[in-house]
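Have a look at the structure below before the remarks.
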2 protein chains.
Amino acid sequence: MAKQNTVFKDAFNRCLTTLAETSALPSEPELGQALGVSRTTVRAILTRCEELGLIAWDKRRKTVLRAPDPADYFPTEETDSLAERIERSFMRRILAGGAEPGMQINELELAREIGAGTTSVREFLIRFSRFGLIEKRPNSHWVLKGFTREFALELTEVREMFELRSAARFVGLPEDDPAWEELRKIEAVHREVLADIDRRYKEFSELDERFHLLVHKSSSNRFIIDFYDVIAIVFHYHYQWNKANARERNARALEEHLAYIAALQSRDLQQVEQACRLHLKSARETLLQSLP
Amino acid sequence: MAKQNTVFKDAFNRCLTTLAETSALPSEPELGQALGVSRTTVRAILTRCEELGLIAWDKRRKTVLRAPDPADYFPTEETDSLAERIERSFMRRILAGGAEPGMQINELELAREIGAGTTSVREFLIRFSRFGLIEKRPNSHWVLKGFTREFALELTEVREMFELRSAARFVGLPEDDPAWEELRKIEAVHREVLADIDRRYKEFSELDERFHLLVHKSSSNRFIIDFYDVIAIVFHYHYQWNKANARERNARALEEHLAYIAALQSRDLQQVEQACRLHLKSARETLLQSLP
DNA sequence: AATCTGTCTATTGTAGATAAAAGACAAAAC
DNA sequence: GTTTTGTCTTTTATCTACAATAGACAGATT
């Protein structure tokens with residue numbers, strides 16, 4: 001196989017969802033726009049819909065014949081891009097399987113295990129190297145530097161610098177900046193989740209990312225915003241494997257967020273700084289607690 | 001060709017240089033250590049030396065027969081790794097050839113122009129993307145974001161945060177840390193260059209990198225140290241194309257460095273901060289002046 | 001006149017192959 | 001007993017090939 005057709009499969013699935021709610025499909029370019037794919041892929045989707053008897057397709061007429069059936073969808077395993085699969089496999093490997101710092105990483109072996117070509121694995125490792133967890137020895141293997149205490153401290157040090165700076169910028173945003181509206185929405189979700197914390201505490205992870213990304217974005221600095229990827233991936237996987245006291249930790253973090261949000265809304269720089277520091281400090285401690 | 005043998009050629013050339021000064025070569029592992037290559041490569045080098053009649057090689061005896069001749073060396077164009085050639089070509093292209101922001105970058109075309117395979121170019125672009133100058137549209141081309149005023153401002157903003165933090169750490173380094181010795185050496189070179197500024201002002205670029213890297217390293221933070229790569233590459237190419245008033249600019253920067261170094265040596269945090277800010281401000285202005 | 005479709009071309013994503021380079025191990029030399 | 005060499009295996013760096021996807025253009029449709 002030269003290239004996986006995951007773009008097609010994923011777009012096809014999404015198309016079925018919209019198809020369930022209408023009686024006719026729009027034009028090809030419009031569909032392409034809606035699904036975020038090119039016309040070539042749209043036509044492949046339409047062709048398959050026709051083959052499955054979901055629609056009748058004659059030039060501009062695309063009439064829906066029947067509602068899609070669960071069996072019409074592609075299984076979700078097939079809609080993930082190769083890069084996503086590699087990332088997940090790699091993370092599982094280095095987090096689960098006793099990833100000693102200093103361990104060598106073998107491209108070929110990794111590729112065989114994941115069931116991908118070496119090129120893809122290589123490119124993944126190159127991209128991943130910016131997270132500071134692995135390092136290349138030229139003409140030789142990669143070395144795992146490990147998710148250690150030092151790593152967490154270095155990461156949080158930069159995070160704190162960047163977030164304080166971004167939060168300070170946030171305060172200076174003009175009244176009509178869309179970020180204020182988004183902040184209000186995020187605040188509302190915080191209150192909803194807190195009100196039903198026992199059942200909804202798992203939503204924190206996603207909300208946390210949404211909130212901090214919003215803050216970082218107000219820096220208008222590509223390096224600061226890009227760095228948030230590093231933070232996000234670390235916390236994302238961290239939440240997945242450290243579930244101890246998740247409910248209490250998340251409830252506390254939500255409260256801290258609310259104080260932080262209130263400080264931002266007050267436009268008082270000192271208050272912002274204090275609330276931000278307080279929250280980042282406890283986030284760092286949570287992260288460190290899960291490490292040896 | 002599957003792989004360029006640039007490692008071999010480069011190590012061979014370096015080996016000839018040492019060969020000129022001795023009458024016998026050391027053991028294979030020792031030679032490998034000295035040249036930074038594996039024994040396999042060492043043996044290839046020895047084989048070629050023997051073929052050229054430079055040495056007589058019998059197991060442990062490696063007697064030098066004659067001094068190497070200029071013709072024995074591989075031409076320097078052949079000793080650069082492919083990645084280095086790609087970087088240079090790419091930089092020349094985007095800096096020289098009217099690189100408009102928003103311009104599309106085509107992997108295939110780039111590969112053809114440079115004379116490399118697409119895989120290598122692709123990997124280069126992935127690695128290069130962390131410098132924030134290009135961005136990938138998935139399943140489509142790369143977009144050149146351009147070396148613009150915004151870029152320079154975003155870069156220097158982070159640089160200033162990181163360097164101030166690092167400089168503050170530097171002051172706290174224990175008396176016997178090797179960084180102090182290196183700082184003294186750097187200071188001495190500064191004075192030498194300044195004393196003969198008319199002829200030696202071109203050495204500034206290299207010295208600048210050496211100095212700031214030393215400062216950043218004292219942060220002991222991989223993200224801060226890694227970020228210095230971004231700064232270094234930008235200033236490196238910036239110096240190459242903006243030669244206006246180079247002598248004056250460099251002389252001034254050297255003076256600023258000396259004040260900054262003196263402040264570090266005084267261990268006075270306030271002085272350090274002041275000298276550091278002063279120098280970074282003028283470095284930023286120099287960079288901005290060369291941009292539209 | 002604007003948009004859409006049919007058709008074609010160009011480029012990207014990925015696999016597979018191969019030479020260069022690294023590295024492992026046992027026998028040989030000191 | 002340590003270091004070195006001879007030989008062999010494994011891994012990386014790089015090229016080429018090809019299907020998936022994007023994108024361009026002219027003619028068709030509203």
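A, B, ... follow the sequence lines: proteins, then strands. Residue 1 opens every chain.
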Self-check item: Atom-to-atom span, CD of A:Glu84 to C1' of C:dT14 - whole angstrom
Solution: 16 Å
Exercise. Tell me which residues in residues 131-146 of chain A put a heavy atom below 4.0 Å from DNA chain C, sorted by number, or none.
Key: A:Asn139, A:Ser140, A:His141
Quiz prompt | All ring-ring contact (aromatic ring centres under 6.0 Å, His included) counterparts of A:His212, not counting sequence neighbours | solution = A:His257, A:His279
Quiz item: In terms of side-chain geometry, is the basic nitrogen of A:Glu150 or A:Lys145 positioned less than 4.0 Å from the acidic oxygen of its partner?
Solution: no
Quiz item: Roughly, in whole Å, what's the span from CG in A:Leu25 to C1' in C:dC4?
Solution: 15 Å
Quiz prompt | Distance, rounded to the nearest Å, where A:Leu82 contributes CG and D:dA19 contributes C1' | solution = 14 Å
Quiz item: When the distance from CD of B:Gln4 to P of C:dA19 is rounded to whole Å, what number comes out?
Solution: 14 Å
Quiz prompt | Euclidean distance, atom CG of residue A:Asp80 to atom P of C:dG13 [Å, nearest integer] | solution = 17 Å
Exercise. Specify the residues of residues 104-117 of chain A, ordered by number, for which at least one heavy atom lies under 4.0 angstrom from an atom of DNA chain D.
Key: A:Ile105, A:Asn106, A:Glu107, A:Leu108
Exercise. State which residues pass side-chain contact (heavy atoms from CB on, under 4.5 Å) with A:Asn13; sequence neighbours excluded, sorted by chain then number.
Key: A:Tyr73, A:Phe74, A:Thr79
Self-check item: Interatomic distance, A:Leu153 atom CG to A:Thr148 atom OG1 [nearest 0.5 angstrom]
Solution: 8.5 Å
Practice problem: Evaluate the ring planes of B:Phe128 and B:Phe131, with Trp represented by its six-membered ring, and classify them as parallel (under 30°), tilted (30 to 60°) or perpendicular (over 60°). | Solution: perpendicular
Self-check item: Non-neighbouring partners of B:Glu84 that pass side-chain contact (heavy atoms from CB on, under 4.5 Å), sequence neighbours left out
Solution: B:Asp80, B:Ser81
Quiz prompt | Distance test, side-chain N/O of A:Ser120 to OP1/OP2 of C:dA15, below 4.0 Å | solution = yes
Quiz item: Between B:Asp229 and B:Arg130, does at least one N-O distance fall below 4.0 Å, as a salt bridge requires?
Solution: yes
Practice problem: Assign B:Thr118 to base, sugar-phosphate, or nothing according to its heavy-atom contacts below 4.0 angstrom with the strands shown. | Solution: base
Quiz prompt | Divergence of helical axes at both termini of the helix from C:dA1-D:dT30 to C:dC30-D:dG1 - five pairs an end, 10° steps | solution = 30°
Practice problem: Please determine if B:Arg93 and B:Glu113 form a salt bridge, counting it only when a charged side-chain N lies under 4.0 Å from a carboxylate O. | Solution: yes
Quiz prompt | Nucleotide nearest A:Asn5 (side chain, heavy atoms from C-beta), chosen from D:dA22, D:dA20, C:dA21 | solution = D:dA20
Quiz item: A:Gln33 CD to C:dT5 P: how many Å, rounded?
Solution: 14 Å
So which protein nitrogen or oxygen atoms get under 3.5 Å of nucleotides 4-6 of chain D's nitrogens or oxygens?
from, atom 1, to, atom 2, distance (Å)
D:dT4, OP1, B:Ser27, OG, 2.9
D:dT4, O4', B:Arg60, NH2, 3.3
D:dT5, OP1, B:Lys59, O, 3.4
D:dT5, OP1, B:Lys62, NZ, 2.8
D:dT5, OP2, B:Glu28, N, 2.8
D:dG6, OP2, B:Arg43, NH2, 2.1
D:dG6, N7, B:Arg39, NH2, 2.7
D:dG6, O6, B:Arg39, NH1, 2.6

Quiz item: Can you find an N or O donor on one side and an acceptor on the other, under 3.5 Å apart, linking the side chain of B:Lys3 with the base of D:dT12?
Solution: yes
Quiz prompt | Nucleotide C:dG16, atom P - distance to CZ of A:Arg122 in whole Å | solution = 17 Å
Quiz item: Considering heavy-atom distances to DNA chain D, does B:Thr119 or A:Val42 have its closest nucleotide positioned more toward the 5' end?
Solution: B:Thr119
Quiz item: Any side-chain N or O of B:Thr41 under 4.0 Å from OP1/OP2 of C:dA22?
Solution: yes
Quiz item: What residue among A:Arg92, A:Arg88, A:Glu87 forms side chain to side chain donor-acceptor pair (under 3.5 Å) with A:Tyr237?
Solution: A:Glu87
Quiz item: For the pair made of NZ in B:Lys9 and C1' in C:dA19, what is the distance, rounded to whole Å?
Solution: 13 Å
Exercise. Not counting sequence neighbours, which residues clear side-chain contact (heavy atoms from CB on, under 4.5 Å) with B:Ser140? List them please.
Key: B:Arg137
Quiz item: For B:Arg60, what residues pass the side-chain hydrogen bond (donor to acceptor under 3.5 Å, both in side chains) criterion, not counting sequence neighbours?
Solution: none
Quiz prompt | Under 4.0 angstrom between B:Thr40 side-chain N/O and C:dG23 OP1 or OP2 | solution = no
Exercise. Only counting residues at least two apart or in another chain, list the ones meeting salt bridge (Lys or Arg N to Asp or Glu O under 4.0 Å) with A:Glu30.
Key: none
Quiz item: Can you name the side-chain hydrogen bond (donor to acceptor under 3.5 Å, both in side chains) partners of A:Arg48, sequence neighbours left out?
Solution: none
Quiz prompt | Residues forming a salt bridge (Lys or Arg N to Asp or Glu O under 4.0 Å) with A:Arg85, sequence neighbours excluded | solution = none
